[in-house]
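The sequence lines fix the lettering, A, B, ..., with proteins before strands; numbering per chain opens at 1.
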Amino acid sequence: MPSPVHSSIDSELPAQLSAAGFEWPGGRGVTDIDLQVRRGETVTLLGPNGAGKSTILKMLSGEIAPQRGGVAIFGSPHGAAARRQIGLVLQEPSTDDLMTVQETLLLHGRLFGLPRVELSRRCDDILSALDIADRAGDRCETLSGGLRRRLDIARALLHDPELLLLDEPTLALDPESSAAIWYSLQRRAAAGVAIVVCSNDTAEAEANADRVVIISDGRVLADDTPQHLTSALKHDALELDWPSPSDHELSTLASWDGVGAIASHDGALHLTVDSSAEIVPLLFQHFGSRISGIRIRESSLRDAWFQIVGLPLDEHPTQQAAARERPEGVQQQ
Amino acid sequence: MIGAAVASLALLERDLRAVARSRSQLYSSVLFPLMLMALLGAGVSSGLAPNSPRIIDGDYTSFLAPGMIAMTALFSSTFSSAGFYRDRESGLLRAMLASPYSARTILFGKALSAILIGSSQAFAVLALAVVIPGIDLAWQFGWLGGAATVVITVLALSFMLSGLSLLLALRVKTMQGFHLVFNLVLFPLFFLSGAFFPLDQVPGWLEVIGYINPLTYAVDLLHYACYAPSPDGLIGPRIDGLVLGGLALIVFALGLSRAPRAV
């Protein structure tokens with residue numbers, strides 16, 4: 001359910017995209033993106049790698065200009081004033097190994113025109129808030145991945161932006177670091193900062209986002225609260241190891257009371273049901289010889305994604321290609 | 001305007017600190033030209049006994065000195081530009097370009113540090129050439145005028161090279177590609193700049209290439225400022241200054257004008 005086209009510019013909105021489109025050389029890109037981000041709202045752009053999330057973020061940050069449609073930050077087109085309002089966290093940690101933590105923040109503060117005394121105070125505050133004050137004098141090359149990420153976020157928060165744009169801020173982080181980062185982001189959101197996060201982690205989006213924008217192949221397929229996206233789902237989600245079910249078998253399943261969305265993909269059959277306790281015995285009674293395994297869980301945003309896009313997020317072709325390309329040791333949380 | 005200057009100075013300060021922490025680069029950029037002067041200079045002076053009137057008393061070591069000053073500026077400026085790639089690969093450049101200042105301001109700050117680092121190292125080579133016994137520099141217009149000319153020449157050369165590096169770095173995506181292009185273009189240009197041999201005694205076609213070569217004018221001006229006892233046989237400061245200064249302005253402005261926001 002894509003949101004309607006908003007042709008009017010609202011100066012109160014921290015970020016607004018209207019029918020925005022951008023195509024990279026080679027054909028990938030995004031089309032007809034409508035997005036409004038309000039103060040204090042956390043919006044997650046959810047989609048597999050290559051879906052177009054980062055392209056949307058780049059249009060919002062001003063790194064690229066939409067080739068079609070428009071972008072507005074607090075009602076104005078991109079420029080120096082807009083960039084002053086934005087805190088940006090890139091997908092990969094972006095620090096210089098030879099600089100210390102404090103030097104990294106001081107450089108950023110000076111690039112944002114903060115006066116020296118004010119800058120020094122803010123550095124101390126932000127390092128304490130993100131629990132890295134004890135590493136202030138250490139070179140970035142000595143920091144762990146989680147600490148580098150916190151430094152990226154500290155840098156993005158340093159100039160007190162009204163709009164935070166984060167590209168997979170917790171990718172490859174341990175749960176403790178992720179929780180620390182989300183805690184600091186939620187505090188900012190509570191203070192009225194608008195937050196846009198790119199992610200392909202449905203659990204994280206469900207737990208932290210006020211709104212989830214589902215993106216696939218460069219288009220917005222849904223834009224709603226996690227609660228609304230999941231409320232239409234049946235209570236339980238089943239994943240059956242059932243290679244190539246026939247059309248007749250699928251239509252039989254669909255005719256049963258209490259069965260919701262059904263999709264077969266890559267040797268597995270996914271379906272949502274009102275009650276697994278009622279459906280599972282029926283399944284084995286009718287198709288027991290065809291099913292070699294079953295996984296049962298409560299329905300979640302992951303299933304909403306599956307229902308809307310037609311493919312499980314982790315089985316999306318672009319996601320699988322990215323997983324194959326991901327260097328050893330880099331795991332998705 | 002003041003804010004942009006502060007931002008450029010912040011980047012300059014950061015790059016200078018990075019160079020100070022990378023001491024091997026600092027030492028090698030000064031030691032290599034000195035080593036070349038000592039080994040190549042002594043070898044050619046005694047082994048080949050050059051008799052060109054442009055090589056005073058057949059002392060090839062002293063003849064090399066102005067060329068080595070130019071070479072230091074050349075290589076230091078281009079190596080400093082490699083920092084552009086380091087920042088691009090680390091993502092730091094993207095983070096910096098997200099600041100309120102224009103991409104030109106950011107790239108100007110980075111170029112400024114390349115100019116300052118390249119020039120400082122060239123001045124260090126000049127200072128060592130002055131004090132090392134056996135290197136005879138001639139200050140035909142006094143040492144103050146000569147030193148000022150060297151400073152202006154080296155700064156103009158560094159500006160030009162920094163602009164060229166910027167133009168290349170914005171087009172060539174990898175540092176390996178950057179060095180390949182630079183080596184392919186700059187080594188031949190440097191060899192044909194008059195730094196290693198006077199251009200007036202080479203075959204005509206080489207002489208023509210030499211006079212098309214912008215580096216020739218920098219080396220000629222350096223010879224004029226601190227080596228040649230008289231202006232005879234040199235192109236002359238007016239033409240040198242015009243070509244070098246003009247190219248420095250054009251190439252540097254061109255480099256900055258191509259600055260994109262996304263890298």
Side-chain angles (χ1 to χ4, degrees), chain A residues 22 24 54-55 57-65 73 78-100 103-116 119 139-141 148-149 151-156 158-159 161 163-165 167, chain B residues 1-26 79-110 112-113 117 170-171 173 175 259-263:
Chain A
F22 187 91
W24 295 101
S54 296
T55 303
L57 212 68
K58 282 181 177 177
M59 289 196 289
L60 291 173
S61 71
E63 285 184 84
I64 56 173
I73 304 298
H78 250 295
R83 287 198 295 277
R84 209 175 283 280
Q85 308 268 28
I86 294 174
L88 178 65
V89 175
L90 305 175
Q91 193 171 29
E92 301 291 334
S94 48
T95 50
D96 182 353
D97 282 352
L98 292 176
M99 293 170 81
T100 67
E103 285 165 1
T104 303
L105 293 182
L106 289 174
L107 172 66
H108 179 82
R110 288 174 73 185
L111 289 180
F112 273 79
L114 296 178
R116 274 184 190 268
L119 175 57
R139 284 197 192 176
C140 295
E141 63 189 347
R148 275 177 191 248
R149 217 59 184 132
L151 176 57
D152 280 336
I153 289 168
R155 185 175 55 194
L158 187 69
H159 57 283
L163 171 64
L164 265 177
L165 306 173
D167 200 346
Chain B
M1 190 68 183
I2 292 171
V6 169
S8 289
L9 284 175
L11 289 166
L12 170 67
E13 189 183 313
R14 175 255 171 178
D15 279 359
L16 290 179
R17 197 182 292 122
V19 169
R21 283 176 185 164
S22 173
R23 293 205 178 95
S24 55
Q25 185 196 332
L26 206 59
F79 279 130
S80 297
S81 301
F84 180 91
Y85 283 93
R86 206 181 66 227
D87 287 346
R88 182 154 70 183
E89 279 162 23
S90 71
L92 193 63
L93 190 61
R94 265 183 78 192
M96 292 191 292
L97 288 173
S99 79
Y101 296 108
S102 69
R104 281 190 195 105
T105 303
I106 302 297
L107 293 180
F108 180 76
K110 292 204 66 63
L112 209 59
S113 62
I117 292 162
L170 291 170
R171 283 195 168 271
K173 293 296 172 199
M175 200 190 295
R261 182 143 289 279
V263 288

K.L.:
For the residue pair A:His159 and A:Phe112, does the interplanar ring angle fall in the parallel (under 30°), tilted (30 to 60°) or perpendicular (over 60°) class?
P.N.:
parallel

K.L.:
Between A:Lys58 and A:Asp167 (salt bridge meaning N to carboxylate O under 4.0 Å), is one present in this structure?
P.N.:
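Here A:Lys58 does not pair with A:Asp167 in a salt bridge, since their nearest N and O are not under 4.0 Å apart.
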
K.L.:
For the residue pair A:Thr95 and A:Arg155, confirm or rule out a side-chain donor-acceptor distance under 3.5 Å.
P.N.:
no

K.L.:
Of the listed residues (A:His108, A:Gln85, A:Arg139), which shares the most heavy-atom pairs with chain B below a 4.5 Å separation?
P.N.:
A:Arg139

K.L.:
Between chain B and each of A:Ala80, A:Ala81, A:Pro93, count heavy-atom pairs under 4.5 Å; write down the option with the most.
P.N.:
A:Ala80

K.L.:
With a 4.5 angstrom heavy-atom cut-off, could you sort out which part of B:Glu89 is near chain A: side chain, backbone, both or neither?
P.N.:
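Neither part, no heavy atoms under 4.5 Å.
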
K.L.:
Do NZ/NE/NH1/NH2 and the carboxylate oxygens of B:Arg21 and A:Glu103 come within less than 4.0 Å?
P.N.:
yes

K.L.:
What part of A:Leu111 is in contact with chain B, defined as an atom under 4.5 angstrom from a non-hydrogen atom: side chain, backbone, both or neither?
P.N.:
both

K.L.:
Which answer fits A:Arg148, side chain, backbone, both or neither, if we ask what part of it has an atom under 4.5 Å from a heavy atom of chain B?
P.N.:
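Neither part, no heavy atoms under 4.5 Å.
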
K.L.:
In terms of heavy-atom contacts, does CZ of B:Arg171 have more than 12 from other residues, nucleotides or ligands at under 6.0 Å?
P.N.:
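12 or below, so no.
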
